[in-house]
*Asks:* 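Once you've had a glance at the structure underneath, I'll fire off some questions.
In what follows, every chain begins at residue 1, and chains take the letters A, B, ... in the order their sequences are listed. All heavy atoms count here, side chains included; hydrogens, waters and symmetry mates do not.
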Amino acid sequence: MICDYEATLSQAEYALGYRFDIVLRGRTSTPMGQ
Amino acid sequence: MTRDRAASATGPPPAPAPLTAFSRPRPGEQPPYLYEPYASTIKRAPRRPPLPLSHTLSETTGPTFARGWAGTPLTDLTRPGTGEALGQRIIVAGRLLDENGRPIPRSLVEIWQCNAAGRYLHDGDVHDAPIDPNFVGFGRMLTDDAGEYRFLTVKPGAYPWRNTHNAWRPAHIHFSLFGNAIATRLITQMYFPEDPLLATTPSSSPYRTSRRGTG
């Protein structure tokens, strides 16, 4: 549930980039939020 | 008119849709419904164990919010139409994956969040922090053919949530996902790395990082 800062996703002179992949169901599923 | 005669009048009935049963969650895959340090779970959690039911056709086949169902995409939360929202501009992007790690294309992703001061644009939010007239805090889009989504927004602030005295909720963005079928529906939150509030906020399962398909 914690994203990663990803420098290559940032846009120069404009915005910081964060990556958040989500897995629906299964052994590696993203936990539901509370 | 009998059902057989109705069917013959319009040709052979269509082939039944293939049924896909989703595997049941294994112990520990999802947090428990009841976790007493998180006070609001006490009222929400069911008191009896759930009954296992077979998946129904509509659970395994749809609705899927395919292209066109989501309406107009809202991918830029920083400019709702009047001026520019206050706060640190951030890009939030990632992939939506199924239980086998395959990308899920053309699936609805919805997000909502408070503004940079920690205030939601909602009547129920009485936190004494300013409303930003240029920030609504809601976005939606369909994933592309590679299962990717991307939003431009501002970093949300932390806010007090009264779980215990002086408890502050770490900055987060809420996510709603549907996937390929209603049985894969997930509501979750995205937190930010190295937030000191994560260490003092009760969670019934460890906060996990999202690294590349590991949730």
*Asks:* Quick check on ring pair (Phe, Tyr, Trp, His ring centres under 6.0 Å): which of B:W112, B:Y191, B:Y149, B:F151 does B:F175 satisfy it with?
*Replies:*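 It is B:Y149; the other options fail the test.
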*Asks:* Under a 4.5 Å heavy-atom cut-off, does chain A meet the side chain of B:I173, its backbone, both or neither?
*Replies:*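 Looking at B:I173, nothing touches chain A.
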*Asks:* Could you point out which residue of B:Q88, B:H172, B:Q113, B:H174 forms a side chain to side chain contact (heavy atoms under 4.5 Å, CB included) with B:P156?
*Replies:*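 Testing B:P156 for a side chain to side chain contact (heavy atoms under 4.5 Å, CB included) against B:Q88, B:H172, B:Q113, B:H174 leaves exactly one candidate, B:Q113.
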*Asks:* To the nearest 0.5 angstrom, please state how far the CD1 atom of B:I104 sits from the CG atom of B:L96.
*Replies:*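 Going from CD1 on B:I104 over to CG on B:L96, the span is 4.0 Å.
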*Asks:* Which atoms of B:E194 are under 4.5 Å from chain A, going by heavy atoms: the side chain, the backbone, both sets, or neither?
*Replies:*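 For B:E194, neither part sits under 4.5 Å from chain A.
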*Asks:* By a 4.5 Å heavy-atom criterion (distance strictly below it), what part of B:R150 contacts chain A: side chain, backbone, both, or neither?
*Replies:*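 The answer is the side chain of B:R150.
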*Asks:* Run through B:V136, B:I111, B:N115 and flag the one making a side chain to side chain contact (heavy atoms under 4.5 Å, CB included) with B:L77.
*Replies:*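 Running side chain to side chain contact (heavy atoms under 4.5 Å, CB included) over B:V136, B:I111, B:N115 with B:L77 returns exactly one hit, B:I111.
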